[in-house]
Student: 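Below is a structure I'd like to ask you about.
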There are 2 protein chains.
Amino acid sequence: MKKLMTSVAACLLLATTAYAADLNPAELRQQAQELFKPLPSTVPAVKGNKITAEKIALGKALFFDPRMSASGVFSCNSCHNLATGGDDNLETSIGHGWQKGPRNSPTVFNAVFNIAQFWDGRAEDLKAQAKGPVQAGVEMANTPGQVVATLKSMPRYVEWFKAAFPGDADPVTFDNFAMAIEAFEATLITPAPFDSFLNGDDDALTAEARQGLQLFMDKGCASCHAGINVGGEGYYPFGLIEKPGADVLPENDKGRFAVTNTADDSYVFRAAPLRNIALTAPYFHSGKVWGLKQAVAIMGTAQLGEKLEGNDVDLIVAFLESLTGRAPDVTYPVLPAETATTPKPASQIIPVK
Amino acid sequence: MKKLMTSVAACLLLATTAYAADLNPAELRQQAQELFKPLPSTVPAVKGNKITAEKIALGKALFFDPRMSASGVFSCNSCHNLATGGDDNLETSIGHGWQKGPRNSPTVFNAVFNIAQFWDGRAEDLKAQAKGPVQAGVEMANTPGQVVATLKSMPRYVEWFKAAFPGDADPVTFDNFAMAIEAFEATLITPAPFDSFLNGDDDALTAEARQGLQLFMDKGCASCHAGINVGGEGYYPFGLIEKPGADVLPENDKGRFAVTNTADDSYVFRAAPLRNIALTAPYFHSGKVWGLKQAVAIMGTAQLGEKLEGNDVDLIVAFLESLTGRAPDVTYPVLPAETATTPKPASQIIPVK
């Protein structure tokens with residue numbers, strides 16, 4: 001953490017010197033290419049999970065299947081809706097028994113490129129992440145055993161698991177459930193105008209978006225929000241310079257502290273990946289801020305110690321809008337039918353503790 | 001109602017005479033063609049709603065948009081899920097504030113061919129139906145004004161409404177919202193093996209399914225379950241011969257009586273359309289019966305006054321399985337993004353009265 005903070009400070013210093021230089025598109029691109037990477041044109045390789053067409057197809061079915069929840073009401077897509085930016089556009093998600101989750105649902109789009117998953121990075125990768133919400137009492141409230149029993153009760157799912165995991169003697173497992181979902185999610189990549197710009201097209205960004213990009217780098221935003229996902233690559237304290245109020249940064253959620261149990265990690269979160277940020281209000285882990293301009297202004301004060309000018313905020317937002325990508329075409333799946341042995345949905349309300 | 005019951009009685013009588021004749025496929029088809037109709041190969045014309053590509057595209061977006069509900073959690077597709085037979089496979093649907101709806105959610109597939117919508121037929125057509133759940137306190141809990149405000153806050157929706165309703169000065173209305181959803185739903189047609197059989201393919205049905213079809217006609221099931229949707233064409237008392245127990249037919253739901261306020265209509269319901277019935281457990285308006293065989297047996301006792309043999313039940317179920325159709329390919333929509341003026345989701349729980 002200390003090393004990261006030093007490097008953030010260094011970048012901020014550097015930022016001050018570079019600011020105000022009005023670069024032409026080619027120079028701007030060159031500078032941007034040192035900090036950001038365009039999305040690849042192919043599905044990325046995933047550590048420990050060879051991606052195949054069969055696995056992707058199975059994962060898509062599982063992703064959209066509400067019977068993976070105890071109640072039969074929620075699927076992965078309920079809170080990571082591919083129709084609305086890969087999230088649910090709620091402050092925090094509503095789950096089993098109408099309980100509210102503790103943190104804002106992050107987008108599934110391009111999530112495969114994040115350093116780790118969840119706001120606090122507690123899941124190493126998407127296959128670890130996929131096991132979380134399905135078991136969380138306030139989300140899908142299910143158990144691995146019940147998920148597997150549900151899947152095994154439907155012969156077509158059993159066939160699909162066999163096809164996706166041809167080497168496995170017993171392919172229908174909770175691990176393979178998560179692997180298949182990870183495979184599908186690895187395909188959820190959204191190339192954006194910013195990628196076209198990085199790839200050489202000057203006109204892909206408006207003049208305002210280019211100025212915004214320059215500000216984004218010069219002011220120091222890119223110190224935390226860099227790389228392929230313009231964020232999602234490291235952990236930083238929310239309130240590096242000045243802590244936001246408890247309305248935005250609730251005191252009882254100490255972020256990564258719960259993962260590492262290290263005092264330095266109090267109120268530390270994974271820097272939000274900013275692709276499609278214009279589609280995924282409300283903002284921050286608390287989901288308390290609905291306007292992107294307001295969110296940018298808060299970041300200025302909290303992370304940079306600078307009250308950003310209104311025009312600068314507008315320009316940065318113009319840049320952020322260039323990160324809105326094209327969602328992949330997804331044919332809505334037709335799921336296997338239940339049988340007599342499929343566990344029945346359980347909708348009883350579990351009281352919030 | 002009296003006229004219908006007389007015709008039911010007449011058919012039952014006729015059935016007894018015809019029973020036991022073991023017809024060859026061509027004769028069986030001829031008899032079936034007098035009672036049933038195959039699905040058309042094109043989207044049907046809808047009364048008072050010219051179907052256009054623009055209207056279908058808009059309707060698809062609206063159908064999948066959870067922001068049409070007050071909470072931002074439920075879309076039409078939540079309870080009429082195109083992935084799982086066009087319904088939600090729950091006893092009764094779970095809606096706003098985790099409230100449970102009063103009746104089992106019917107499939108949206110082929111619903112355009114029903115005489116009227118809802119179990120009690122209280123909506124004349126799909127455009128009238130579409131206005132119901134969005135306003136029902138236990139379902140989407142929204143208001144027409146809020147739906148229109150939500151739609152008008154998103155410029156792309158406004159464009160889509162203009163394209164779908166080019167003659168209208170103010171196209172974004174609750175009426176047009178319902179018309180567009182009806183247009184999309186008119187495309188949700190699922191041709192099945194039974195259609196192939198009706199269209200001349202002897203081999204489209206197994207020998208068991210053909211025997212089941214013959215039984216279905218001979219025993220009198222087709223007296224109520226006939227026409228293009230193998231049901232959905234008229235209203236009949238549930239318990240015509242013998243009332244099922246209150247577990248299956250709860251006393252407090254008098255069905256069509258609430259619509260017509262006529263004593264004759266107590267416990268009268270629209271005969272369930274049977275296309276895709278194998279995909280849409282649990283059964284009946286109460287959703288209390290999970291097994292299709294059990295449902296067929298109950299129908300035998302309640303409607304025909306006959307305890308069906310186990311083998312006859314199996315054969316009838318084999319026929320019913322031939323009504324499982326091919327769901328249309330639907331590309332999952334990418335929905336317009338919210339703006340600053342989009343009403344915020346309201347997730348407060350409204351207590352069940």
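Bear in mind that the values here come from a model prediction, so they are computed numbers and not experimental data. Sequence lines set the chain letters: A, B, ... in the order given, protein chains first and strands last, and positions in each chain run from 1.
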Student: What part of A:Arg326 lies closer than 4.5 angstrom to a heavy atom of chain B: side chain, backbone, both or neither?
Tutor: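 Neither the backbone nor the side chain of A:Arg326 comes within 4.5 Å of chain B.
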
Student: Less than 4.5 Å to any heavy atom of chain B: does that hold for the side chain of A:Val73, its backbone, both, or neither?
Tutor: side chain

Student: Tell me, out of B:Ala327, B:Pro336, B:Pro333, B:Gly72, who's got the most heavy-atom pairs with chain A below 4.5 Å.
Tutor: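 The residue among B:Ala327, B:Pro336, B:Pro333, B:Gly72 with the greatest pair count is B:Pro333.
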
Student: For A:Ser78, is it the side chain, the backbone, both or neither that has a heavy atom under 4.5 Å from a heavy atom of chain B?
Tutor: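 Answer is neither: A:Ser78 stays 4.5 Å or more from chain B.
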
Student: At a heavy-atom separation under 4.5 Å, does B:Lys344 approach chain A through its side chain, its backbone, both, or neither?
Tutor: side chain

Student: Just verifying a value: how many Å separate B:Glu338 CD and A:Asn89 CG, rounded to the nearest 0.5 Å?
Tutor: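 It comes to 4.0 Å.
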
Student: Measure the CZ-CG distance between B:Phe64 and A:Leu82 for me, rounded to the nearest 0.5 Å.
Tutor: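 Between B:Phe64 CZ and A:Leu82 CG, I get 11.0 Å after rounding to 0.5 Å.
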
Student: Between B:Ala83, B:Ala337, B:Gly291, which has the largest tally of heavy atom pairs under 4.5 Å with chain A?
Tutor: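 Of the options given, most contacts go to B:Ala83.
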
Student: For A:Leu90 and B:Ser71, which heavy atoms make the closest approach, and how far apart are they?
Tutor: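 Heavy atoms of A:Leu90 and B:Ser71 come nearest at CD2-O, 3.3 Å.
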
Student: Out of B:Asn81, B:Asp329, B:Thr280, B:Leu292, return the one with the most heavy atom pairs under 4.5 angstrom to chain A.
Tutor: B:Asn81

Student: Less than 4.5 Å apart, any side-chain heavy atom of A:Ile94 and any of B:Trp98?
Tutor: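 Result no, sub-4.5 Å side-chain heavy-atom pair not found.
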
